[in-house]
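The structure under discussion appears below in the form of structure tokens.
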Amino acid sequence: MDFSDSLLDQEAQRLFIHLKKFEYTLEDCKKMAMTTLEIQYLKKKKNVLILAHSYQTPDISFGVADELGDSYGLSIAAKNTNADIILFSSVLFMGETAKIINPNKTVLVPSQAGCSLADSITAEDVRALRKKYPNAGVVAYVNTTAQVKAEVDACCTSSNAHKVVEAMEQEQVIFLPDRLMGENLKKHTTKEIILWDGVCIVHEEFSTADVTAVRKEFPKAEILAHPECDPSVLQKSDFVGSTEQMLHHLDESDSQEFMMITECGLTDRARQEHPEKQIVGTCFLCPYMKELTLKNILKALKNPSPNQIVKIPENIRVRAERSLHEMFALEKKYEKKFGSTNNKWKENFS
Ligand code: SF4
């Protein structure tokens with residue numbers, strides 16, 4: 001594809017405005033301008049909506065994405081789009097969730113990137129758990145494959161996990177696949193929680209030593225943590241919530257310094273949205289999320305290979321969608337009874 005020098009220059013300048021705060025140079029932006037222009041051109045030509053998870057790199061998030069967010073929020077947003085094609089720049093299970101909710105759209109995933117949580121459990125494992133605990137209800141965090149979602153009673157997100165588990169009829173609940181999130185849940189539910197041994201390799205990396213180091217250097221910093229972290233880390237944090245809840249808290253808080261105990265993509269997004277606030281401390285990169293590049297996005301738009309087009313057998317899709325619908329039903333049931341307090345992760349934490 002041919003673009004004039006002036007168009008390429010204009011595109012490099014546009015990218016530079018968005019990316020200079022992430023230490024991209026104008027030279028870096030010039031190198032990527034041809035690719036981003038081609039992506040913009042194909043987006044328009046094929047009527048594509050590009051969704052990017054908040055853990056994507058800044059060149060994707062601020063260079064080509066139409067919407068940024070968490071996996072489930074983006075899949076729901078895609079429901080209202082007039083686009084013919086949804087390209088989900090993220091790990092495979094998120095593209096599957098978009099397809100489950102939007103079966104009539106073509107959903108593209110640029111890479112087949114896995115996830116330590118989603119890959120830790122299979123549909124067969126869930127069937128075996130059901131046999132072992134015949135009286136238990138089964139709740140799956142949305143970070144699971146379509147096949148696993150199809151086997152469970154309900155899904156949950158990191159923002160509504162507590163409500164969903166509490167609203168289950170059963171007193172015994174198998175919570176999968178995130179062991180650490182399940183251990184955190186145990187602290188504020190009366191249900192008997194049976195855990196699966198999956199972990200997010202990014203959030204399990206954080207330790208109380210990281211928190212202590214920031215408290216020492218930045219005593220005024222507010223520490224925000226994701227519920228996929230170890231309970232000891234949550235206990236030492238000031239706020240616990242999903243990626244979107246963390247960003248919302250940052251919007252609302254009067255503090256000027258924050259540590260965000262999560263993936264580096266989210267801290268980049270926070271820096272972009274709040275240049276007036278200082279994000280301190282450490283963050284970790286998710287190697288799966290970083291498999292996504294401008295190059296594989298362009299390839300998927302230009303001429304997708306069969307494995308870049310999400311396909312889910314209809315019998316599995318329908319059952320997985322039912323588990324997602326059940327999540328909303330249970331959330332509503334809980335809120336009807338107890339109100340809609342939106343962040344339970346820090347309550348009753350001891
Ligand atoms: S950050 Fe954790 S949960 Fe998210 S894709 Fe990476 S490994 Fe999976």
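Residues take their numbers from the sequence shown, with the count starting at 1. When a ligand or atom number is given, it counts from 1 through the structure's own listing order. Atom set for the values below is all heavy atoms of this structure, side chains included, hydrogens, waters and symmetry mates excluded.
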| query | Any chance the side chains of Y288 and S116 put a donor and an acceptor closer than 3.5 Å? | reply | no
| remark: Result for salt bridge (charged side-chain N to carboxylate O under 4.0 Å, His left out) between D153 and one of R322, R130, R319 points to R130
| said: Taking CD in E23 as the centre, count heavy atoms belonging to other residues, nucleotides or ligands within less than 6.0 Å. Is the count above 12? | reply: no
| request: Please state whether the rings of F239 and H249 are parallel, tilted or perpendicular, taking 30° and 60° as the class boundaries. | output: parallel
| note | The protein heavy atom nearest to atom 4 (Fe) of ligand 1 is Y55 CE1, 4.0 Å
| field | Within-4.5 Å side-chain heavy-atom neighbours: I101 and I76 | value | yes
| request: For atom 8 (Fe) of ligand 1, count the protein N, O or S atoms found under 2.8 Å away. | output: 1
| request: Find out whether H226 and I261 are in side-chain contact, i.e. whether some heavy atom of one side chain is under 4.5 Å from a heavy atom of the other. | output: no
